[in-house]
Number of protein chains: 2
Amino acid sequence: MDNNHNIQFDHINQFFYAAFTVDNVIFGFDGGDLKILLIKRGEEPFSGKWALPGYFVRKTETLDSAAKRVLEELTGLKNVYLQQVRSLGKIDRHPAGRVITVGYFSLIKIEDYKIQPSATGMAKQAEWWSLKEIAELAFDHDEVIDFAFEMLKRRVRTQPIGFELLPPKFTLTELQQLYEAILLSDAPPESNKLDKRNFRKKILSMNLLVDLNEVQEGVAHRPAKLYRFDKEKYHALQQAGFSYGL
Amino acid sequence: MDNNHNIQFDHINQFFYAAFTVDNVIFGFDGGDLKILLIKRGEEPFSGKWALPGYFVRKTETLDSAAKRVLEELTGLKNVYLQQVRSLGKIDRHPAGRVITVGYFSLIKIEDYKIQPSATGMAKQAEWWSLKEIAELAFDHDEVIDFAFEMLKRRVRTQPIGFELLPPKFTLTELQQLYEAILLSDAPPESNKLDKRNFRKKILSMNLLVDLNEVQEGVAHRPAKLYRFDKEKYHALQQAGFSYGL
DNA sequence: TCAAAAGTGTTTGGGTTACACCCATGA
DNA sequence: TCATGGGTGTAACCCAAACACTTTTGA
């Protein structure tokens, strides 16, 4: 707590009283529902309560690398879509002292998720929770989720990040269900879906999908064509600067 | 540095090694140019360098209230549009130890700005700098400005925050110049302005402007009509949920 | 009377929306 | 053959973009 300090900066030593954490809102999509990966805390404070996966930032870590570490320890996944959302800093949000948290959100393919044995340090348990049914959480984690979800809704309109949540091969209907789960989350349930024809027209006109010439197997109806996302074309477009709405 | 701590939380005491600051990107508009209020630092580190106004967050402050305090100490202004932007946390960004900064941006009417005597504590000097000509800054403050300006550009398309930067009475041309300064900042200088007729059509169709039935005085050409922004209508619209582009 | 900025409508094209029926498969 | 979801085209409408001349004032 007193390393790093320097006689030259005596007047500001009084401000080195805080700790900070990262908390990660990890989104996944299971074909019908948008979900968040929560852990059951195994240590104080809030031991036994559900919470966002997160931890203190170490001296050797940047904010981003701490967020990556938390994600990898829990899921085993690297190279994941990860964005800083916002920091929360109420004075008494942590009983152990002044702790600021930096919220992140990440998008993973839910099928890739495996609980890592190493994650059992802090987490007794990890589970996917549907956005709607999330219980009372530790700290101010419900606020972090609200901010993250708002950011996801904004992002999905201007960047094709939906693909981060889908398996490598997917159908247009799956893609549409994902957009509906994100964009129509607060709309009346069975009412206004997106229009199927218009959705397909729009998505296909972006030329970001590659037709795999394969179809679903084992479904009790006409099998759907499978597509993959064309990352190369997307990056080329991004360079040139583009945006779209849905 | 050791208050607040509790025997129950011994295992995390090691993480209370950091300090955190707020840095505020204060935008103003002088009729032609979008500007940022910078201070010349009067204390170490980076004494003598230009920097964003900012300071350490005290134990009794939230992040937001620290940002408000910094703004008020420097400008004397309260009730200002203020938004958190993003936190930066590179390991060695502050020579005195681990210091995370939380970036904010605010929008003020440039004519309201008066340097406060109390601000001379840390700031030897404060000055408006045109966005294009901002010199090398202390810390990573150029990054904070980049993030803040990107956020401003996004916000101005979906919320009528431009009015925060204009005097109470303004002309449509002034409003247009403001939008041009924000939205066309990276476009070739004298080339593509916004179209005057389309801009007016769009702005007036929003019904957020009140025609004051007054005109400019003392101009060497046909005087322009003056308008004010209708906050009541704006809030009503916001409740109902709206958005627009330009 | 001249310079300088204010003010004002119409046309065109592209994109979004609304909408209904046939197709392929497994049970 | 039936149930289930997959797949397809067109017309109407609205909003965005392009575009040029007249008006009012002070110098």
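Chain A is the first sequence line, chain B the second, and so forth, proteins listed ahead of strands; every chain is numbered from 1. Heavy atoms only: backbone and side chains are in, while hydrogens, waters and symmetry mates are out. This structure is a prediction, so every number in the text was calculated from the model and none was measured.
- Rounded to an integer number of Å, the gap from B:Lys193 NZ to C:dA6 C1' is 17 Å.
- Evaluation of the side chain to side chain donor-acceptor pair (under 3.5 Å) rule for A:Arg155 yields A:Tyr81, A:Gln83 as partners, not counting sequence neighbours.
- B:Glu214 has its CD atom 17 Å from the P atom of C:dA6, to the nearest Å.
- The stretch residues 165-177 of chain A does not touch DNA chain C, since none of its heavy atoms comes less than 4.0 Å from the strand.
- If you measure from atom CD of B:Glu217 to atom P of C:dA6, you get 16 Å, rounded to the nearest angstrom.
- Partners of A:Ser106 according to the side chain to side chain donor-acceptor pair (under 3.5 Å) rule, which considers only residues two or more places apart in sequence or in another chain, are A:Asn24.
- Scored by the salt bridge (Lys or Arg N to Asp or Glu O under 4.0 Å) test, B:Lys225 finds B:Asp211 as partners (sequence neighbours excluded).
- By the side chain to side chain donor-acceptor pair (under 3.5 Å) test, B:Asn207 pairs with no residue at all, sequence neighbours left out.
- The ring-ring contact (aromatic ring centres under 6.0 Å, His included) search around B:Phe170 returns B:Phe163, not counting sequence neighbours.
- Per the geometry, CD belonging to B:Gln216 stands 11 Å off C1' belonging to D:dT25, to the nearest Å.
- When the side chain to side chain donor-acceptor pair (under 3.5 Å) test is applied to B:Glu174, no partner is found at least two apart in sequence or on another chain.
- Residues that satisfy the salt bridge (Lys or Arg N to Asp or Glu O under 4.0 Å) test with B:Lys201, not counting sequence neighbours, are absent from this structure.
- Between B:Glu150 and B:Lys153 there is a salt bridge, with a side-chain nitrogen of the basic residue lying less than 4.0 Å from a carboxylate oxygen of the acidic one.
- Using the six-membered ring where Trp is involved, B:Phe27 and B:Phe105 have ring planes that are perpendicular, over 60° apart on the 30 and 60° scheme.
- C:dT16 atom C1' lies 18 Å from atom CZ of A:Arg200, rounded to whole Å.
- Residue A:Ile203 contributes atom CD1, which lies 13 Å from atom P of C:dT17 at whole-angstrom precision.
- B:Leu204 places its CG atom 10 Å from the P atom of C:dG7, with the value rounded to the nearest Å.
- Per the geometry, NZ belonging to B:Lys225 stands 7 Å off P belonging to C:dG7, to the nearest Å.
- Direction of the helix axis in the helix from C:dT1-D:dA27 to C:dA27-D:dT1 shifts by 0° between the two five-pair termini, rounded to 10°.
- Evaluation of the side-chain hydrogen bond (donor to acceptor under 3.5 Å, both in side chains) test over residues 213-224 of chain A, restricted to residues two or more places apart or in two chains, returns A:Lys169-A:Glu214.
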Contact pattern, 5' to 3', of nucleotides 19-27 of chain C - B, S or - by protein heavy atom under 4.0 Å: BB--BBBS-
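- Under the rule for a salt bridge (Lys or Arg N to Asp or Glu O under 4.0 Å), the partners of A:Glu136 that lie at least two apart in sequence or sit in another chain are A:Lys49.
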